Amino acid sequence: MKRWKLTLEYDGSGFCGWQRQAQGTTVQQTIEEAIQKFSGETVTSHVAGRTDAGVHAVAQVAHFDLDKDTTDDVIRDALNFHVRPHKVVILNVEEVSAEFHARFDALNRSYRYHVVNRRAPLALLADKAWHVPKPLALQPMQEAARLLIGKHDFSTFRAQGCQSNSPIKTLDRLDISSDDEKIIFHTTARSFLYHQVRNMVGTLIMVGNGQWSASDFKSAFETCDRTKGGPTAPPHGLFFWGVTYP
């Protein structure tokens, strides 16, 4: 029995998220069915960061155990064949120790959220970014984002149904940059609350469009009350960007 680490990318548009469900196609189901077709074995895969329906991944990491005697290149090519026609790709396969765990060994996880700020609707990026037609000011959003860095109670950005034992999290990074009409939010932490990234982005957009000042944002954050926060940004603008291991 060997343990294999996968690095994969996927377009979340056609999936009901990562985790297997009774109904609907998921990334986990697609990967595990491809492994079964290749090896004849039924496995359970474990992922660094479970993503919701519509959320994409650039460098997601998962692992699984396999009895079959094979190599990393063979696994990569076989899985990429069997996942077709789904929009998921195995970028890399690596044999790891039996102690490695894609979720529990992660030191941090990074996400990017993409906004396109223009009047005209989106065609090419319709399912890869949040279209915000009202002009956004970058500097006020950056000022408000700095308030979130460090260890805090993030209840204002915690969705109902969150299974985390505590709303206390440490946010290592939340950068906001612009490239012409695209605005990119890049955030890193060891772990995130359910919908935390999308709720932070949705609330920061209220600062950018002038509905709120940075002071309003600070007050809402300090209430530790989700009902005082802004809207949840749509899932299709969110990308699981990567994960760091020791």
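Every value quoted in this text rests on a predicted model; they were computed, and no experiment measured them.
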Do the side chains of [Y] and [X] get nearer than 4.5 Å, heavy atoms only?
X	Y	value
Trp18	Phe240	no
Thr71	Glu95	no
Ile31	Ile90	yes

Discussion item. Quick one, Asp153 with Arg158, criterion salt bridge (Lys or Arg N to Asp or Glu O under 4.0 Å). Give me CA distance, side-chain angles, the key distance, then yes/no.
Written reply: CA-CA 10 Å; Asp153 183 329; Arg158 183 185 195 182; over 6 Å; no
Exercise. With a distance cut-off below 6.0 Å to the six-membered ring centre and an angular limit of 45° from the axis, does Lys68 pair with Phe38 as a cation-pi contact?
Worked result: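 Here Lys68 passes the 6.0 Å and 45° test against Phe38.
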Once you measure the plane-to-plane angle for [X] and [Y], does it fall in the parallel (<30°), tilted (30-60°) or perpendicular (>60°) bin?
X	Y	answer
Phe217	Trp212	perpendicular
His152	Phe154	perpendicular
His46	His101	tilted

Practice item. Kindly state whether the ring of Tyr10 and the ring of His86 have centres lying under 6.0 angstrom apart. Key: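 Centroid distance Tyr10-His86: not below 6.0 Å, so no.
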Subject >> Reference residue Tyr111; test ring-ring contact (aromatic ring centres under 6.0 Å, His included); the match among Phe239, Phe192, Phe185 >> reply: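 So, applying the ring-ring contact (aromatic ring centres under 6.0 Å, His included) to Tyr111 and each of Phe239, Phe192, Phe185, only Phe192 qualifies.
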> Among side-chain atoms of Asp216 and Ser213, is any donor-acceptor pair under 3.5 angstrom?
Replying inline: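 Yes, because at least one side-chain N or O of Asp216 sits under 3.5 Å from a partner of the opposite role on Ser213.
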key: No-hydrogen, no-angle side-chain donor-acceptor test under 3.5 Å, Lys228 and Thr156   =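 Note: Lys228 and Thr156 side chains miss the donor-acceptor criterion.
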Which one of Val88, Leu91, Val47, Thr7 satisfies the side-chain contact (heavy atoms from CB on, under 4.5 Å) criterion with Gln60?
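That would be Val47; it is the only one of Val88, Leu91, Val47, Thr7 passing the side-chain contact (heavy atoms from CB on, under 4.5 Å) with Gln60.
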